[in-house]
Amino acid sequence: MKYCDTLVINGTTVAGEQGSQPVINPATEEVVASSPQASVSQLDQAVAAARDAFADWSRCDDQVRKDALLRIADRIEEHSDELARILVSEQGKPLMIAQREVAASVAWTRYTANLELKVDLVLDSPEKRIEVHRKPLGVVASITPWNWPLMILIWHIMPAIRTGNTVVCKPSEYTPFNALRLIEIIADELPAGVVNIVTGAGEIGQAISEHPGINKVVFTGSTRTGKQIMRAAAGNLKRLTLELGGNDAGIVLPDADLDSIAQPLFIAAFKNMGQTCAALKRLYVHEDMYDALCDKLVAVASKQKVGNGLDEGVTFGPVQNKAQYDYLNALLDDIRATGGRILCGGNSSLERGYFIDPTIVADVDQRSRIVQEEQFGPILPVIRYSNLDEALAMANDTDEGLAGSVWGKDMELASDIAHRMECGSTWINGHGDLHPAAPFGGCKQSGIGVEFGEEGLHEYTRTHTHHIVK
Ligand code: NAD
């Protein structure tokens, strides 16, 4: 397969001025290809191109932008297979999950194309009319992580373009190729400079966050990096949307039907090998059903086929990178040293690649590292509780507040518990399913702002209040 080795700046493909960096396939530990690296001067060129393009793009007819997004969705769909295979080779996820990621990217782009920015009429009296319009912000920079790299890029850039902004994006240095190819494909559908891509690691991210020519940064990634971006963005008071880490809790009520929830609980925790911001990362289970549910989760885990995502029948891939793999192994060592019981997984029989079999851990303490830290990988701690107030207190005992879930039959009780969880989204008998119409974002240190739907679209605009004296 050929991997795109050029940036797109002002509608033109260019080589990176900062050399290249190898990208590693996490299933084989072999080099996928070398990724171009952008210089800060190329970032300046991209921002200048985006600023120039903004003048026309922000003022063109709304239908032009809508049509462009619909054409872009068609183009992504035409390249589905290619994009999915790039995702598998650099990210590691099984092909079926990569195909779903591309399909969701297409659907999300179409949905965003059809969203409307309405004018709010706040007063219409015989003497006066007041309208609130929504105007684009200018140049929006997108900085993305490595877990759902294509999907998250789509979430960032489609609402930005739809509302008349222009874009400079920077993908994760671990998974640049899907983004480079995506932008190469879609740039043809947009005027030069509307969408630009630069690559590199934290230094280019830092330069973006500090750049005086950028009006907004939309960032998805760790809380630590989010704080650095917020500090760096203060120079010109950039608008920010920060989608950061989560340590999502799930609470299983004493009346839950274990046979029907075991499989969805497993998927909620191990989606994308647990490398999902709104994955279930801590599971609180009533003591009366604790052992029975642990057994059922182990049974689901044992059905997974772990391996290279391109191999037939594989359902479970590797951890995406060596640093994350080492971190997860340190967590496993800590579990072993502090008396946690690893019921399944904990290592892998595969000789190469960053594999950890799906791991269920019992008898861990609320204060243990695996409960307190966001593992972001295929290890689920199951924690015992004896009453619901205690479970809720443990669920809320974190600085993060992305999402949470309650599992059981009594819908009134489940709703009551869900409303008392301190997080941006909750589910009953599910966890982590997102919808393009439903705002998604975290509270506490899981982020600022929301994505999706009308509310998400507004984050790419400013208000313009228009007073008319009649
Ligand atoms: P990360 O913060 O290490 O990196 C994310 C991006 O930020 C990369 O492109 C990286 O190059 C860039 N970056 C690094 N240092 C920077 C700096 N100083 N300034 C600007 N940019 C910089 O995160 P990651 O390891 O790629 O992703 C995992 C984290 O992302 C997890 O914590 C996960 O929960 C979170 N995440 C959150 C959501 C959400 O919607 N809330 C979604 C996916 C992932």
Side-chain angles (χ1 to χ4, degrees), residues 4 8 11 13 50 53 56-58 60-88 91 93 95-118 134 136 140 142 144 147-169 171 175-197 218 220 241 243 433-440 450-461:
C4 180
V8 175
T13 51
D56 285 344
W57 186 248
S58 59
C60 74
D61 195 275
D62 195 54
Q63 191 64 40
V64 171
R65 294 193 288 259
K66 183 182 276 208
D67 290 346
L69 254 65
L70 292 171
R71 286 197 309 277
I72 285 171
D74 293 345
R75 297 297 309 280
I76 302 171
E77 201 163 38
E78 283 160 28
H79 290 84
S80 291
D81 188 57
E82 179 192 357
L83 287 166
R85 283 173 189 278
I86 294 171
L87 277 173
V88 178
Q91 206 286 335
K93 59 187 69 190
L95 183 59
M96 198 175 58
I97 303 178
Q99 285 164 337
R100 284 197 208 128
E101 181 168 352
V102 181
S105 301
V106 173
W108 229 280
T109 302
R110 290 209 176 105
Y111 187 89
T112 308
N114 289 316
L115 282 171
E116 303 291 344
L117 276 181
K118 298 184 202 93
R134 292 270 165 185
V140 172
S142 150
T144 40
N147 58 339
W148 294 94
L150 186 74
M151 181 78 253
I152 292 173
L153 180 59
I154 295 286
W155 289 348
H156 287 184
I157 69 176
M158 292 311 160
I161 297 170
R162 174 71 189 87
T163 46
N165 300 280
T166 54
V167 167
V168 176
C169 56
T175 53
F177 291 119
N178 66 90
L180 288 166
R181 184 66 181 125
L182 175 85
I183 301 302
E184 187 180 51
I185 292 165
I186 72 172
D188 288 349
E189 303 298 340
L190 296 164
V194 170
V195 64
N196 306 271
I197 181 165
V218 49
T220 301
T241 300
E243 295 289 0
D433 274 344
L434 304 178
H435 189 281
F440 174 71
V450 293
E451 295 185 272
F452 316 151
E454 206 174 314
E455 216 168 318
L457 207 60
H458 284 178
E459 298 245 343
Y460 293 87
T461 65

Student: Hydrogens and angles aside, do Thr241 and Glu459 bring a side-chain donor and acceptor to less than 3.5 Å of each other?
Tutor: yes

Student: Within this structure, what is the CD1-CG distance for the pair Ile76 and Leu83, rounded to the nearest 0.5 Å?
Tutor: 7.5 Å

Student: Check whether any side-chain N or O of Asn196 sits under 3.5 Å from a backbone N or O of Gly193 as a donor-acceptor pair, and report yes or no.
Tutor: yes

Student: Heavy-atom count check: over 12 atoms from other residues, nucleotides or ligands less than 6.0 Å from Glu184 CD?
Tutor: yes

Student: Is there side-chain contact between Leu150 and Ser105, with heavy atoms separated by less than 4.5 Å?
Tutor: yes

Student: Can you tell me how far CG of Leu87 sits from CH2 of Trp148, rounded to the nearest 0.5 angstrom?
Tutor: 9.5 Å

Student: Counting distance only, does the side-chain N/O of Glu101 pair as donor-acceptor with the main-chain N or O of Met151 below 3.5 Å?
Tutor: yes

Student: Looking at Leu117, is its backbone amide N or carbonyl O close enough to the side chain of Arg134 to form a donor-acceptor pair, meaning the two atoms are under 3.5 Å apart?
Tutor: no

Student: I'd like to check Ile183 versus Ile157 (side-chain heavy atoms, cut-off strictly below 4.5 Å). Are they in contact?
Tutor: yes

Student: Angle class for the Trp108/Trp155 ring planes (parallel below 30°, perpendicular above 60°, tilted otherwise)?
Tutor: tilted

Student: Report yes if some heavy atom in the side chain of Asp74 is under 4.5 Å from a heavy atom in the side chain of Arg110; otherwise report no.
Tutor: yes

Student: What I'd like to find out is whether the side chain of Leu153 reaches to under 4.5 Å of the side chain of Cys169, using heavy atoms alone.
Tutor: yes

Student: Should Pro159 and Glu451 count as side-chain neighbours, where that means a heavy-atom distance under 4.5 Å?
Tutor: no

Student: Mark yes or no for whether Arg65, through its side chain, and Trp57, through its backbone, hold a donor-acceptor pair below 3.5 Å.
Tutor: yes

Student: For Lys118, does its backbone N or O pair with a side-chain atom of Glu116 as donor and acceptor, under 3.5 Å?
Tutor: no

Student: Could you walk me through whether Asp56 and Ser58 pass side-chain contact (heavy atoms from CB on, under 4.5 Å), step by step?
Tutor: CA-CA 6 Å; Asp56 285 344; Ser58 59; over 6 Å; no

Student: side-chain contact (heavy atoms from CB on, under 4.5 Å), that's the test. Do Leu457 and Met158 meet it? Break it down for me.
Tutor: CA-CA 9 Å; Leu457 207 60; Met158 292 311 160; over 6 Å; no

Student: Answer whether the closest heavy-atom distance between the side chains of Pro149 and Pro171 falls below 4.5 Å.
Tutor: no

Student: Is any side-chain heavy atom of Phe440 less than 4.5 Å from a side-chain heavy atom of Val450?
Tutor: no

Student: Is the closest side-chain donor-acceptor distance between His156 and Thr220 under 3.5 Å?
Tutor: yes

Student: To the closest 0.5 Å, what do you measure between OG1 (Thr109) and CD1 (Ile72)?
Tutor: 7.5 Å

